[in-house]
Amino acid sequence: MNENLNPDFMRKPKREYTAIEAVFAWLCLIFSYLLCRVFPVVDHPLGGMLFTVSLYFVTAVVLKIRGAKFSLLSVLFALSALVMQAALILSANSTIHFFVYSYALLVYLYFLYSSFGNSIEGGFSDCVAADFLKAIFVMPFSAFASIFRALSSSLGHKGGKSILRILLGVALALIPTVVIVLLLSYDEGFTDILDSIFSFSFEDIFSQFFSITFAVPIAMYSYGLFIASVDKKNTEVMSKEKCIKFFEKLKITPVITVFIAVLPVIAVYIIFFVSQWQYYVSGFSGVLPKNLSYAEYARSGFFELCIVSFINFFIITAVSVFSKRNGKAQTLIIKAINLILSLATLVLIATAISKMAMYINYYGLTPRRVYASWGMIVLAVVFLLIMLKQFIPRLKIIASIILVTVILFGALSLSGVDRFIAEYNVDRYLDGSLEKVDIEALTDLGDAGVPQLVRLAKAIDGENGTDIAAIKPEQLHTYSMYTDLVIALHSFDYSDCGFFSYTIPQAKAKAALAELGIESWEYDDFCKLPFNLRPDA
């Protein structure tokens, strides 16, 4: 019989899963459930750090047993993610927590993907951005349901199928059961009966339901990436050769067209710098222009300058990607355009930074001002790299931008930015160089601001002979900075803090309040305040 007509011959052989692959399938389910339990990491920073470290360590052991060969770049990415996790307990900043945790999860996907030699181009390459895209959006979905076959194989063919069918039935029964229980929970008698039988709250039911519901697709996604990486699937998708051909096809615009299109932009910059030179140079000299306050001067054009910087970045990218280059002369024109636009952008960024420095010098620091300054520094380094690229063609510009951004983000994350802001503002107030301290802004810094609020209270008490810990709410009648300070310090309550929510700033805040003898006020205490002084007024 012709083998080409034999259906059994045409059928692909079923993939066999090794013992370690089956074990990893169960681990993916467990870690996916824990991922949901840690969510949101802002509420469980220590839990998030322990989870991430465990996830990377266990996965590295499994990958090594499976025969993975870790590249230097994947190891460096993984180490950078793990180092940044220290920010979860070193800082109390929810924004920092979100981004360092998200970064660790993204790097984890790249770590899985690259550990079996799937990188488009080895080493420190501009293709690393495409590798991340492939790891996130392509590989997991090419083996999305493989986790069920791996789980089945780990239990034996027949036994595995039976257990999976039972688990599927339980899952299908769980959803309507939980919904019905939640809908009937309005009845106190029904709720009391359930509480007496199971001793749990409906909040716990919903939390567990959320974790189980989302853990399964997350496990399917991560295990699909693992199997696709082991089997080296999608090697033809986004390969180095295809990426090169794709970008070569994009070079369709003649250089003369590019030059004519960019010339008006360059002319506008020249006119702008000439006409506004005296106005913007005030930021460097520290002299405020007439008829403007510090706030008006700092805000005037600041965000516009930042937007123009981003626009210039996209213009430079478009010029580099879409321009034809048929000779040295055309290449030189493209380089000249990139250099002029980069230089103009650096002047704008330097102006914006100088204006921000004046603003901070007069009004103090806030998280937004720090983030804005950090963003401008990142932009400045990016444009310096673009200028460097014009003189060093072999420079890996995309990889360099990613590297610089990661390093600067790590520095921001681990710097204890909230503590620095609080210390800076209180120092400036106590030495007389800052007119007043915004107590609400310090309170918004959370745990990191508490030690400095206590330090400020001690300084004021020492100067005036008062005792902030002994003041009762009924004694406060008029608005003042000291009144704000009293209310703020008595508003911090750490009675419900669990083990997994621990951070170092939280521990320092509790110690500072205890040293001062401050106890949190109850709701009734706040009700004794005049209406206009209440925090929620």
*Does K508 NZ have over 12 foreign heavy atoms under 6.0 Å away?*
no
_Minimal non-hydrogen separation, G47 against V38, with atom names_ = O-CG2, 4.0 Å
*Would you say the side-chain atoms of Y103 and S80 include a donor-acceptor pair closer than 3.5 Å?*
yes
*Assess whether atom CZ of F57 is packed by more than 12 heavy atoms of other residues, nucleotides or ligands within 6.0 Å.*
no
*asked:* With a 6.0 Å cut-off on the ring centroids, do F226 and Y113 count as close?
replied: no
*Which pair of heavy atoms, one from A87 and one from I96, lies closest together, and at what distance?*
CB-CG2, 4.0 Å
*Show the numbers, then the answer: is there a side-chain contact (heavy atoms from CB on, under 4.5 Å) between Y101 and F51?*
CA-CA 10 Å; Y101 191 63; F51 166 79; 3.4 Å; yes
*Hey, could you give me the CG/OG distance between N118 and S74, rounded to the nearest 0.5 Å?*
11.5 Å
*Do any N or O atoms from the side chain of Q85 and from the backbone of V53 form a donor-acceptor pair under 3.5 angstrom?*
no
*May I have the step-by-step check of side-chain contact (heavy atoms from CB on, under 4.5 Å) for V417 and W374, ending in yes or no?*
CA-CA 11 Å; V417 62; W374 178 85; over 6 Å; no
_Closest non-hydrogen atom pair between F492 and G446, with its separation_ = CE2-O, 4.1 Å
*How about M139 and S229: do any of their side-chain heavy atoms sit closer than 4.5 Å?*
yes
_Does F144, at its CZ atom, have more than 12 non-hydrogen atoms belonging to other residues, nucleotides or ligands within less than 6.0 Å?_
yes
*First locate atom CD of E121, then atom NZ of K396, and finally report the distance between them rounded to the nearest 0.5 Å.*
5.5 Å
*Find out whether V23 and V62 are in side-chain contact, i.e. whether some heavy atom of one side chain is under 4.5 Å from a heavy atom of the other.*
no
_Is it the case that atom CZ in F500 sees more than 12 heavy atoms from other parts of the structure closer than 6.0 Å?_
no
_Test your reading of the model: is there a side-chain donor-acceptor pair from K69 to the backbone of G117, 3.5 Å cut-off?_
no
*Using atom types as modelled and distance alone, determine if a side-chain donor or acceptor of S125 lies under 3.5 Å from a backbone N or O of G122.*
no
*Backbone N/O of A78 and side chain of Y110: donor-acceptor pair under 3.5 Å*: no
*Could you tell me the separation between the CG atom of L29 and the CD1 atom of I218, rounded to the nearest 0.5 Å?*
11.0 Å
_A quick test of your reading: do over 12 heavy atoms of other residues, nucleotides or ligands sit less than 6.0 Å from CZ of F420?_
no
_Nearest heavy-atom neighbours spanning I120 and S239_ = CG2-C, 3.8 Å
*Which atom pair, heavy atoms only, marks the closest approach of A150 to Y17?*
CB-CD2, 3.8 Å
_Quick check for you: to the nearest 0.5 Å, what is the distance between I398 atom CD1 and I402 atom CD1?_
7.0 Å
*What residue among V382, V381, L384 forms side chain to side chain contact (heavy atoms under 4.5 Å, CB included) with V404?*
V381
*Under 3.5 Å: donor-acceptor pair, side chain of S152, backbone of F148*: no
*With a cut-off of 6.0 Å (strictly less than), are more than 12 heavy atoms of other residues, nucleotides or ligands near OH of Y494?*
yes
*Value rounded to 0.5 Å, distance of OG in S146 from NZ in K233*: 7.0 Å
*How far apart are the closest heavy atoms of A372 and M356, and which atoms are they?*
CB-CE, 4.0 Å
*If the plane angle is over 60° it's perpendicular, under 30° parallel, otherwise tilted; pick one for F24 and Y223.*
tilted
*asked:* Run I334 and V319 through side-chain contact (heavy atoms from CB on, under 4.5 Å) and show every step you take.
replied: CA-CA 7 Å; I334 297 301; V319 167; 3.8 Å; yes
*For Y33, does the OH atom have more than 12 heavy-atom neighbours from other residues, nucleotides or ligands under 6.0 Å away?*
yes
_Polar side-chain atom of H97 near backbone of H44 as donor-acceptor pair, under 3.5 Å_ = no
*asked:* Under 6.0 Å between ring centres: does that hold for F31 and Y108?
replied: no
*Once you round to the nearest 0.5 Å, how far does SG of C127 lie from CG of L133?*
11.5 Å
_Parallel, tilted or perpendicular: which one describes the rings of F111 and Y56, with boundaries at 30° and 60°?_
tilted
*Is a side-chain N or O of S222 found less than 3.5 angstrom from the main chain of A219, in a donor-acceptor match?*
yes
